[in-house]
Amino acid sequence: MKVLVIGTGAREHALCRSLSQDPAVGELHCAPGNAGIARVATLHPVDQLDGAAVTALARELGADLVVVGPEAPLVAGVAEPLRAAGIPVFGPGKEAAQLEGSKAFAKDVMAAAGVPTARSYVCTTEQEAAAALDAFGAPYVVKDDGLAAGKGVVVTEDRAAALEHAVACGRVVIEEYLDGPEVSLFAITDGTTVLPLVPAQDFKRALDGDQGPNTGGMGAYSPLPWAPEGLVAEVLESVLQPTVDELRHRGTPFSGLLYAGLALTSRGTRVIEFNARFGDPETQVVLARLRTPLAGVLLAAANGTLGGLEPLRWSDEAAVTVVMASEGYPASPRTGDPIEGLDAAEADGTAFVLHAGTTPGPDGEVLTAGGRVLSVTAVGADLAEARAKAYAGVAEISFKGAQHRTDIAAKAAQ
Ligand code: AMP
């Protein structure tokens with residue numbers, strides 16, 4: 001198979017790494033990619049939001065499968081011209097991707113499908129927002145309706161700050177605060193059949209102890225030793241399958257990766273959000289545990305033949321990933337600094353380094369090129385071992401102003 005992956009992050013590096021280990025994959029391409037992906041795939045400098053350019057590249061390469069990593073190209077409709085050209089694509093079309101592209105749309109789908117989620121109001125004026133904030137009380141949860149790269153949600157005790165965010169966004173969803181631990185559960189679907197992956201947990205705040213601003217994610221681990229037994233089956237039945245069925249009934253089937261962000265509250269499991277693509281950094285740990293070769297699964301989702309697939313096989317091992325971010329992330333990340341120690345981090349095979357914001361420098365060095373720079377990932381017999389190996393990898397790597405959390409998976413590993 002010839003596979004083309006679209007995107008630039010550590011999620012795409014994780015996808016490319018797994019695809020490169022699949023014996024069915026003969027050629028692997030990525031557009032636009034990064035310095036790490038370049039080691040396993042051929043890079044192409046194509047604008048990932050330009051459906052015509054992506055389709056032209058896929059045609060030129062004779063791609064048998066295109067895997068769209070990030071949400072922005074999906075919401076922009078990059079899957080449509082690919083499908084129109086008869087090229088199998090992993091990722092939903094523009095309309096189904098609204099599940100992530102519009103929080104209000106997601107709420108509407110959940111209401112129609114009977115999926116448990118936070119009670120909410122869609123607000124477009126300051127008066128509506130103020131009334132909704134007072135209806136729910138503190139802590140306040142205000143979500144930008146549109147795509148905001150993980151930065152559109154404000155959770156605060158400060159009513160004035162909540163209202164200010166609502167006014168700045170224009171159209172927002174204001175909802176009740178959900179208490180309880182969060183779980184990310186991914187499912188691969190062809191629009192009818194739904195195959196859940198293993199649960200993971202990510203760390204959204206920038207600093208140890210869940211302090212500091214929200215980020216795209218600072219680390220993740222899997223499995224979740226504390227999660228209730230039967231969680232995956234319950235979420236499949238009450239969340240994933242009804243959502244996929246609802247979108248198919250609406251005539252806009254969702255195929256690709258359905259990501260359910262869940263809160264395990266005292267009143268039961270509730271959906272915090274849906275995403276229309278693999279989550280970053282959870283993908284790094286979920287794929288590290290997947291034993292079934294990846295390409296065939298993604299192709300079956302693209303072709304509508306998931307129902308005929310053997311059950312997915314998983315490693316019993318644990319996986320931990322730690323994100324190394326640049327100075328100033330998330331507000332104003334500093335870029336252009338050389339990264340040292342990448343080979344040393346992988347030298348004894350204990351950790352592997354997935355690149356996010358990196359670019360090759362003029363003299364063969366690797367330079368920082370974004371907020372989240374690397375995901376240092378490791379597997380081990382249990383979370384404590386995986387964690388120790390991942391942090392041993394982190395300790396080898398340095399770049400100016402590098403920051404990471406020191407408590408990824410710490411509690412769960414105890
Ligand atoms: P989202 O982008 O919707 O995942 O929101 C980012 C983060 O904000 C989530 O991972 C939660 O930690 C938090 N959050 C979102 N919605 C709620 C809610 N209704 N109650 C409590 N926390 C929330």
Side-chain angles (χ1 to χ4, degrees), residues 11 70-72 75 97-111 115-123 129 132-133 135-159 161-162 165-166 169 171-186 199-221 224 235 239 243 257-283 323 330 371-372 405 407-408 411:
R11 160 187 49 218
E71 61 275 21
V75 172
Q98 283 301 304
L99 210 51
E100 174 163 5
S102 164
K103 304 261 185 206
F105 177 83
K107 286 289 185 187
D108 184 62
V109 169
M110 284 189 264
V115 169
T117 184
R119 289 179 296 129
S120 65
Y121 294 105
V122 180
C123 307
L133 292 174
F136 293 128
Y140 304 102
V141 181
V142 181
K143 301 185 171 187
D144 193 340
D145 180 47
L147 278 190
K151 291 163 205 148
V153 178
V154 164
V155 181
T156 176
E157 297 279 343
D158 180 345
R159 186 178 180 282
H165 184 60
C169 294
R171 186 176 152 92
V172 291
V173 170
I174 292 180
E175 65 182 33
E176 69 179 319
Y177 179 78
L178 298 175
D179 213 352
E182 291 180 32
V183 173
S184 300
L185 185 61
F186 301 168
Q201 189 175 50
D202 77 341
F203 294 76
K204 284 243 167 27
R205 300 289 188 133
L207 306 175
D208 282 1
D210 294 330
Q211 301 297 307
N214 258 326
T215 69
M218 296 300 288
Y221 67 94
L224 314 181
V235 175
V239 173
T243 301
L257 193 290
L258 178 57
Y259 167 136
L262 306 160
L264 310 190
T265 77
S266 52
R267 291 184 296 134
T269 305
R270 299 279 184 279
V271 174
I272 293 184
E273 62 159 350
F274 282 130
N275 291 319
R277 38 75 194 175
F278 280 98
D280 186 345
E282 299 96 313
T283 301
V323 170
R372 289 190 294 172
R405 279 182 64 157
D407 61 349
I408 303 302
K411 237 196 269 169

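Here the structure is a predicted model, which means the values were calculated and not measured. For ligands, and for the atoms within them, numbers begin at 1 and follow the listed sequence.
- Contacts between E176 and ligand 1, counted as non-hydrogen atom pairs separated by less than 4.0 Å, involve the backbone only.
- In this pair, F203 and Y221 present their aromatic rings tilted. The plane angle is within the 30 to 60° band.
- Shown in contact with Y177 at under 4.0 Å from a heavy atom are these atoms of ligand 1, numbered in order with element: 20 (N), 21 (C).
- Between R405 and D210 there is a salt bridge, since a side-chain N of the basic residue sits under 4.0 Å from a carboxylate O of the acidic one.
- Here the straight-line distance linking atom CD of E71 with atom CZ of R277 works out to 4.0 Å at 0.5 Å rounding.
- Ligand 1 has no nitrogen or oxygen under 3.5 angstrom from a nitrogen or oxygen of A118.
- Residue contact check: K204 has heavy atoms under 4.0 Å from atoms 10 (O) of ligand 1.
- Here is the list of ligand 1 atoms found below 4.0 Å of a heavy atom in K143: 3 (O), 15 (C), 16 (N).
- Tested against E175 for a salt bridge (Lys or Arg N to Asp or Glu O under 4.0 Å), the candidates K107, R270, R119 yield a single pass: K107.
- Those atoms of ligand 1 with a heavy atom of E175 less than 4.0 angstrom away are 16 (N), 17 (C), 18 (C), 19 (N).
- Atoms of ligand 1 lying under 4.0 Å from any heavy atom of E182, numbered from 1 in the order shown and given with element: 9 (C), 10 (O), 11 (C), 12 (O).
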Given T265 and D179, is the side-chain hydrogen bond (donor to acceptor under 3.5 Å, both in side chains) satisfied, shown in steps? CA-CA 5 Å; T265 77; D179 213 352; over 6 Å; no
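- Numbered from 1 in the order shown, with element, the atoms of ligand 1 that lie under 4.0 Å from a heavy atom of V141 read 16 (N), 17 (C), 18 (C), 19 (N), 20 (N).
- With sequence neighbours excluded, no residue forms a ring-ring contact (aromatic ring centres under 6.0 Å, His included) with F274.
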